[in-house]
Amino acid sequence: MKRILIIEDEKNLSRFLELELGYEGYETEVAYDGREGLELAISNDFDVILLDLMLPHLNGMEVCRRIRQVKETPIIMITARDSVMDRVSGLDHGADDYIVKPFAIEELLARLRSVFRRLEFASSHQKVTTYRFRDLTVEKESRIVKRGEEQLILTKREYDLLLTLLENVNIVMTREVLLNKVWGYETEVETNVVDVYIRYLRNKIDIPDKESYIETVRGTGYVMRQ
């Protein structure tokens, strides 16, 4: 059964969606504000998130941005705002689709079916690239990181940094190279941001009182050595 998270503060609409989606065979959970919705989205596995744009405590754009830092769950934004810039902004923040109030339930169901078709197609054509380093395992396409059997939750930037180091095992990566590969050539951030994110990454993947997975090469950069 597909699980759908509804983040919507209009209780009449959220109840309507609960009933209609339940009737169609979906399992639903509802959050009535942005902060609660974000916590549910990150701590649980849903197949799709229906996300209102205008929410109390944390707006939909920010909720979408924060979810995208750690998860790839498909997000359909629901909003009363229909300007081109609103739609573009929602998609740029990581939404997969956009539906404008008021809408017919048939349209929403069609959009859900479209999302699930895309996921099934991607899954059936997806290659699997796995990196192993000591007891770390990284599944590149699914962005899953495990230490032993424990799954580690990384932000997008932390994951990209770890993957870059794993793709270049035994090669010393300078701060400048890491900055370009992870942040992009057009970035204006300083190279010391690499040191900050290496520290964040170590805090999540390293085991206390044991050797770090990432070696610091003084004056140069970082390397993961086999």
Side-chain angles (χ1 to χ4, degrees), residues 1-5 27 29 38-49 63-75 94 96 115-184 187 189 191 193-218 220-226:
M1 183 182 290
K2 303 288 188 186
R3 299 185 68 217
I4 298 176
L5 174 61
E27 179 183 336
E29 192 158 348
L38 177 62
E39 290 173 1
L40 283 172
I42 290 176
S43 59
N44 297 273
D45 290 324
F46 293 96
D47 295 289
V48 170
I49 297 169
V63 172
C64 186
R65 185 186 71 80
R66 295 193 192 184
I67 291 172
R68 278 292 168 264
Q69 289 181 334
V70 294
K71 286 198 168 185
E72 298 295 326
T73 311
I75 296 172
D96 297 86
V115 167
F116 292 135
R117 281 197 302 271
R118 289 199 302 269
L119 289 175
E120 287 167 9
F121 179 84
S123 177
S124 65
H125 290 75
Q126 188 179 68
K127 65 176 183 177
V128 179
T129 307
T130 303
Y131 293 93
R132 291 184 175 85
F133 183 87
R134 300 183 199 167
D135 59 345
L136 283 181
T137 304
V138 175
E139 296 174 12
K140 182 176 179 179
E141 287 75 25
S142 60
R143 302 178 73 87
I144 292 174
V145 180
K146 290 184 178 180
R147 186 180 60 214
E149 294 302 314
E150 178 189 3
Q151 185 167 338
L152 306 176
I153 305 301
L154 306 183
T155 67
K156 180 181 184 302
R157 203 74 77 183
E158 291 163 352
Y159 173 84
D160 290 343
L161 184 56
L162 176 61
L163 183 64
T164 299
L165 290 165
L166 282 172
E167 288 178 333
N168 295 275
V169 166
N170 297 324
I171 299 172
V172 176
M173 307 292 287
T174 66
R175 290 171 177 82
E176 290 78 10
V177 168
L178 288 171
L179 192 67
N180 288 335
K181 285 183 174 293
V182 177
W183 280 264
T187 185
V189 300
T191 54
V193 78
V194 174
D195 302 322
V196 173
Y197 273 84
I198 288 287
R199 186 169 71 250
Y200 291 161
L201 185 54
R202 282 172 168 162
N203 286 339
K204 291 186 177 180
I205 68 173
D206 284 355
I207 300 171
D209 302 320
K210 290 196 175 182
E211 181 185 8
S212 176
Y213 294 94
I214 303 168
E215 178 185 332
T216 301
V217 181
R218 194 170 299 278
T220 304
Y222 299 95
V223 62
M224 295 179 78
R225 295 191 199 274
Q226 288 282 38

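We're numbering straight along the sequence, starting at 1. This is a predicted model, so every value here is computed, not measured.
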Problem - side chain to side chain contact (heavy atoms under 4.5 Å, CB included) between Leu178 and Tyr222, intermediate numbers included - result: CA-CA 9 Å; Leu178 288 171; Tyr222 299 95; 4.1 Å; yes
Practice task
Check the pair Asp135 / Tyr213 against side chain to side chain donor-acceptor pair (under 3.5 Å), numbers first and verdict last.
Solution key: CA-CA 10 Å; Asp135 59 345; Tyr213 294 94; 2.6 Å; yes
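A side-chain donor from one of Tyr131 and Glu167 sits under 3.5 Å from a side-chain acceptor of the other.
Under the salt bridge (charged side-chain N to carboxylate O under 4.0 Å, His left out) criterion, the residue pairs touching residues 200-209 are Glu158-Lys204, with sequence neighbours excluded.
Between Leu38 and Val63, the shortest heavy-atom distance links the atoms CD1-O, 3.9 Å. Val70 and Thr155 get closest at one heavy-atom pair: CG1-CA, 4.1 Å.
For Lys2, the side-chain hydrogen bond (donor to acceptor under 3.5 Å, both in side chains) criterion is met by no residue, not counting sequence neighbours. For Arg143, the side-chain contact (heavy atoms from CB on, under 4.5 Å) partners are Glu72, Lys156, Tyr159, Asp160, not counting sequence neighbours. With sequence neighbours left out, Glu150 forms a salt bridge (charged side-chain N to carboxylate O under 4.0 Å, His left out) with Arg147. Contacts of Ile144 classified as side-chain contact (heavy atoms from CB on, under 4.5 Å), with partners at least two apart in sequence or in another chain: Glu139, Ser142, Lys146, Gln151. Listed by chain and number, the residues in a ring pair (Phe, Tyr, Trp, His ring centres under 6.0 Å) with Tyr197 are Trp183, Tyr200 (sequence neighbours excluded).
Remark: Gln226 CD is packed, more than 12 non-hydrogen atoms of other residues, nucleotides or ligands lying under 6.0 Å away.
The residues Asp45 and Arg3 are annotated as not salt-bridged, no charged nitrogen and carboxylate oxygen being separated by less than 4.0 angstrom.
A donor-acceptor contact shorter than 3.5 Å links the side chain of Arg175 to the backbone of Thr220. Remark: the backbone N or O of Lys71 is paired with a side-chain donor or acceptor of Arg68 at under 3.5 angstrom.
Atom CD1 of Ile198 and atom OG1 of Thr216 lie 7.5 Å apart (nearest 0.5 Å). Once rounded to the nearest 0.5 Å, the distance linking CD1 of Ile49 with CD1 of Ile67 reads 4.0 Å. Leu166 contributes atom CG, which lies 12.5 Å from atom OG1 of Thr129 (distance to the nearest 0.5 angstrom). Separating the CD1 atom in Ile205 from the CZ atom in Arg134 is a distance of 9.0 Å, to the nearest 0.5 Å. To the nearest 0.5 Å, the span separating CG on Leu161 from CG on Leu179 amounts to 10.5 Å. Interatomic distance, Asp96 CG to Cys64 SG, rounded to the nearest 0.5 Å: 8.0 Å.
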